[in-house]
Structures are given as C-alpha cells and as structure tokens.
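Structure first, commentary second.
In the text below, chain A, chain B and the rest are named by the order of the sequence lines, each starting its count at 1.
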2 protein chains.
Amino acid sequence: MAADIISKGERTSRAIIDAAYALIVEQGYAATSMRQIAEKAGLSLGAIYNHFSSKDEVFRAILEVRHPFFQIVPLLNSAKGESIEEFARSAAHTLIAELGHHPEFLNLLLIEIVEFKGEHVPRVFEKMLPMILQLAQRLSNLEGNVREIPQLVLVRAFMGMFFSYFITETLLSRTALVEMQSNALDHFVDIFLHGILLEKG
Amino acid sequence: MAADIISKGERTSRAIIDAAYALIVEQGYAATSMRQIAEKAGLSLGAIYNHFSSKDEVFRAILEVRHPFFQIVPLLNSAKGESIEEFARSAAHTLIAELGHHPEFLNLLLIEIVEFKGEHVPRVFEKMLPMILQLAQRLSNLEGNVREIPQLVLVRAFMGMFFSYFITETLLSRTALVEMQSNALDHFVDIFLHGILLEKG
DNA sequence: CCTACCGATCGGTAGG
DNA sequence: CCTACCGATCGGTAGG
C-alpha cells in the first residue's frame with residue numbers, strides 16, 4: 001500500500017471541517033449543532049471530540065482554511081495585466097467567474113463579525129500577511145498614474161468594492177430590481193478606475 | 001390623568017423590541033434566547049407571548065423599526081447640498097457623525113442575510129420604497145455632469161460605498177493598521193465622485 | 001402578567 | 001470511534 005500523503009486522521013479532520021463549513025455558512029454558527037456536523041461528516045457526535053476539543057475549535061479550524069480572504073487574495077494575485085486598469089478589470093472578471101455564483105462565500109466573514117465580534121480577524125490577517133504583501137508589491141509595480149491617494153486607502157477601497165458588490169447583489173437578488181444587476185461589477189470597476197486614475201494627458 | 005398617546009401595551013411592546021434589538025445586534029439571533037430578552041425588558045418569559053407569538057415575530061418587529069435602511073435613508077434625505085459633490089460630502093459627514101461610533105448598526109442587516117438568507121429583504125424594501133423614491137427624485141435634481149452610468153447603478157454604488165466603508169472599518173479596527181483609517185471615508189467619497197463625474201470643462 | 005411546567009435539543013464526556 | 005449518558009438550556013404553553 002503506497003504511503004498516502006494524507007493520513008486517515010487528517011482525512012476525518014477535513015471531513016468534519018467541510019461538513020461544518022457547509023452547515024455554518026448556510027445557518028450561522030449558533031444555529032448549527034455539533035450533532036448536525038457529525039451526521040453530515042458521517043461520524044458520531046463523540047468522534048468529533050477526538051479531533052477538536054470544542055465547537056469553537058472547529059470554527060477556528062474552518063477560518064484557518066476557508067476564510068474568504070484565502071479565496072480572494074490568491075485570485076487577485078493570479079489576475080493578469082500590466083497596467084492598473086488591466087489588472088482591475090482582470091481581477092474583477094476572475095472573481096466574478098470563480099465566486100459570482102456562490103456569493104455565500106462571504107458569509108463566513110460576516111458570521112465572524114456578527115457572532116464573534118471580529119475577534120479572529122487579527123489571527124486571520126496575520127496568517128494572510130505574506131499574501132497581502134505580495135499583492136501590494138505587485139500593485140505598486142503596475143503602470144498607470146494614480147491620483148494622490150494613500151496606498152493603503154487604495155487597497156482598502158479596492159477590496160471594499162467587492163464587498164460592496166456582493167452584499168448589494170445579495171440584497172437586490174431578493175427584490176424585483178433586475179435592472180440594477182446587469183454588468184454592475186463592470187460599472188463598479190469603471191467608477192473605481194475613473195476615481196483613482198489621473199486623466200490621460 | 002391625561003390620555004397618553006402611547007398605551008401601556010405599546011410601551012411594553014417597545015421595551016421588548018428594544019431589549020431584543022440590543023441583544024441580537026450583539027450576539028446574533030440564534031444565540032439570543034427569549035429568556036434573555038424577557039430579563040432585559042424587565043418581564044417574565046411568558047409575558048413576551050402576550051405581545052409576540054414567537055421569537056421569529058419579535059425579529060420581524062425589530063426589522064420593521066430598526067433595519068439599518070431606516071436609519072440610513074432618512075439621514076441621506078436630510079443631507080444638504082445642491083450639487084452632487086456637495087450632497088455626497090454632506091451625506092458622508094452626516095452618516096459618520098450619526099453612525100460612525102457604533103458601526104454595529106449594520107449588524108441587523110448582516111444577521112438577516114446570514115441567519116435568514118435575506119428572506120425579509122423584500123418586505124423591508126417595499127416599506128422603504130417611498131423614502132427611496134423621494135431620495136432618487138432628490139438625486140436626479142442635483143447639479144453636476146455625471147458620466148454615462150445607469151442611475152440605479154449609481155445609487156447602488158453610492159450605498160455600497162458606505163457598506164464597504166463600515167465593513168472594512170470593522171475589520172481594520174481589529175488590526176494594527178491604524179494608518180489605513182484616517183479620513184478613509186473622505187477618500188472613499190473622493191474616489192466615488194471622481195469616478196462618476198465628468199471632468200470639469 | 002407570572003409561575004411552573006412540557007418535550008426537545010444543546011455542548012460535552014465517560015467508559016469501553 | 002461509538003453508545004449512552006450528564007446537566008443545562010432552549011422555545012413555547014397551561015393555568016391561574
């Protein structure tokens with residue numbers, strides 16, 4: 001039998017995390033029970049506690065692997081383009097292609113804010129720092145003349161644009177205002193680019 | 001005894017809503033118990049059911065009165081300014097002054113999205129429609145040359161700017177990146193305005 | 001409007 | 001890794 005890279009314990013651990021992620025993203029943390037997680041993972045309740053010491057530890061483990069930032073930032077890093085404009089449009093298309101059809105990927109971030117008051121944010125942020133620095137380095141090398149805006153504000157506004165898009169999308173998809181939805185992200189990117197770039201000379 | 005405009009039943013009802021609002025915004029819906037609400041409102045558990053038939057009904061009542069939209073839209077309507085630029089800056093200052101120091105005002109909206117999958121959005125939206133139409137009317141009369149952007153996208157981007165600001169503010173307030181926070185909303189408004197306005201001729 | 005209760009379910013554990 | 005259990009708490013109600 002070939003030595004599998006992934007042990008059985010590791011596989012069970014991941015099954016628990018996957019099951020818990022799916023349930024929590026759909027129901028929220030408090031509304032999801034350890035028994036639901038066990039059942040979805042194909043285990044008994046007690047078995048979970050061989051891998052995680054508490055429900056809270058399960059949630060922490062989920063965040064380490066599935067926090068939206070860990071989906072978003074790598075996608076941004078993989079976006080093509082040598083100018084700011086190319087990069088922004090490419091990043092938007094990549095994000096919409098990968099995440100557009102399951103906007104509930106933001107739920108984990110929102111749940112952490114609402115149900116945990118953002119207490120895990122520093123740890124997640126710290127773990128992401130290398131990826132963020134890599135992205136910042138990349139961005140600062142892009143071609144294009146940016147107006148006088150602090151670089152960190154730029155990054156914040158850029159990230160915020162996607163939050164803004166996905167949350168308003170979630171809200172609007174519940175109403176009849178379909179007109180608001182066509183090409184909205186393209187328009188968002190357009191406003192953002194026009195907002196940060198100097199007029200072409 | 002003068003006939004008070006507000007009956008005792010009405011007062012108890014509001015006490016329940018106030019207590020439930022404070023608890024739910026801080027803990028989330030599922031994590032808040034009817035017993036906690038009763039205690040905070042100064043009642044016994046059973047008494048709540050003289051005013052609301054279920055926990056869900058309490059939540060619906062909260063949304064009718066305290067949904068963030070009911071705080072945001074009137075504030076936007078009260079913003080001064082005859083040009084788009086004046087209006088946007090005034091609106092930003094008003095919002096930051098009224099809501100800036102308790103950003104948890106967005107929690108109710110986020111909780112509704114996460115724990116109820118946005119099922120109450122249509123009803124809230126419908127109730128707000130008059131206020132929204134009034135705001136749209138107001139906006140369309142402002143001075144300023146806007147680039148070719150669908151009006152509904154404009155409104156969406158404008159609202160989204162505040163979501164984006166408050167959520168990134170919540171995230172960043174947990175990290176050490178204080179630099180990112182100074183005057184951020186002013187910059188956001190600036191980027192937005194520069195993004196939607198035609199260059200001055 | 002309160003007290004006392006209902007059955008159900010919760011997170012977690014002992015013991016094997 | 002499972003079965004069977006622990007005490008605590010849940011939403012909701014009966015009866016007064």
Side-chain angles (χ1 to χ4, degrees), chain A residues 1 4 6-64 108 111-112 114-117 119-120, chain B residues 1 4 6-64 108 111-112 114-117 119-120:
Chain A
M1 218 178 291
D4 274 14
I6 178 175
S7 68
K8 184 176 181 189
E10 183 71 16
R11 217 165 7 98
T12 304
S13 218
R14 289 196 195 176
I16 294 169
I17 290 177
D18 288 348
Y21 174 78
L23 288 164
I24 289 176
V25 152
E26 194 181 331
Q27 305 174 335
Y29 174 79
T32 298
S33 72
M34 291 296 263
R35 281 161 180 84
Q36 288 178 320
I37 295 171
E39 188 183 14
K40 186 144 193 161
L43 296 169
S44 70
L45 169 66
I48 295 182
Y49 292 91
N50 293 321
H51 299 267
F52 302 96
S53 63
S54 68
K55 188 181 176 186
D56 197 272
E57 283 300 319
V58 175
F59 187 72
R60 296 171 100 91
I62 294 174
L63 284 184
E64 299 279 339
L108 202 57
I111 287 166
E112 206 278 324
V114 164
E115 298 196 62
F116 293 87
K117 301 175 186 171
E119 67 180 66
H120 306 89
Chain B
M1 217 180 296
D4 275 15
I6 177 176
S7 69
K8 184 176 181 189
E10 183 72 16
R11 221 168 1 102
T12 304
S13 218
R14 290 193 195 178
I16 294 169
I17 290 177
D18 288 349
Y21 174 78
L23 288 164
I24 290 175
V25 152
E26 194 181 331
Q27 304 174 336
Y29 174 79
T32 298
S33 72
M34 292 297 264
R35 281 162 181 83
Q36 287 178 321
I37 296 171
E39 188 182 14
K40 185 144 194 160
L43 296 169
S44 72
L45 169 67
I48 295 182
Y49 292 90
N50 292 323
H51 300 267
F52 302 96
S53 63
S54 67
K55 188 182 175 186
D56 198 271
E57 283 301 319
V58 175
F59 187 72
R60 296 170 101 90
I62 293 175
L63 284 183
E64 299 280 339
L108 202 59
I111 288 166
E112 207 277 324
V114 163
E115 298 196 60
F116 293 89
K117 300 173 185 174
E119 67 180 65
H120 305 91

Atom pair distance, as rounded to whole Å: CE in A:Met34 and P in D:dC1: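 Going from CE in A:Met34 over to P in D:dC1 covers 14 Å.
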
Gap between atoms CD1 and C1', on A:Ile16 and C:dG11 respectively (whole Å):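 Atom-to-atom, A:Ile16 to C:dG11, this comes out as 15 Å.
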
Less than 4.5 Å apart, side chain to side chain, heavy atoms only: is that true for [X] and [Y]?
X	Y	value
A:Val114	B:Val114	no
A:His51	A:Glu57	no
A:Met34	A:Val58	yes

Ion pair B:Arg60/B:Asp56, N-O distance below 4.0 Å: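 Answer for the salt bridge query: yes.
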
Residues in contact with DNA chain D, drawn from residues 45-59 of chain A - heavy-atom cutoff 4.0 Å: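 A:Ala47, A:Asn50, A:His51, in order of number.
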
Contacts of B:His120 that satisfy side chain to side chain donor-acceptor pair (under 3.5 Å) - sequence neighbours left out: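 With neighbours one apart ignored, the set is B:Glu112.
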
Closest listed nucleotide, where the reference is the side chain of A:Ser44 and the choices are D:dC1, D:dG11, D:dC2: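 The closest nucleotide is D:dC2.
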
Nucleotide nearest B:Arg35 when distance is taken to its side chain, options C:dT3, C:dC5, D:dC1: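 Looking only at side-chain atoms, B:Arg35 lies closest to C:dC5.
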
B:Ser33 side-chain N/O to D:dT9 phosphate OP1/OP2 under 4.0 Å: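 For D:dT9, OP1/OP2 do not have a side-chain N/O of B:Ser33 under 4.0 Å.
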
Over 12 foreign heavy atoms within 6.0 Å of CD, A:Glu119: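 Enclosed: over 12 neighbouring heavy atoms sit under 6.0 Å from CD of A:Glu119.
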
B:Glu39, CD: over 12 other non-hydrogen atoms inside 6.0 angstrom: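 No, the 6.0 Å shell around CD holds no more than 12 heavy atoms from other groups.
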
For B:Ile37, the option from B:Thr32, B:Leu43, B:Leu45 that meets side chain to side chain contact (heavy atoms under 4.5 Å, CB included):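 Between B:Ile37 and the candidates, side chain to side chain contact (heavy atoms under 4.5 Å, CB included) is satisfied uniquely by B:Thr32.
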
Pairing pattern in dot-bracket form [Watson-Crick, G-U; both distances under 3.5 Å; | = partner strand] for DNA chain D: ||||||||||||||||

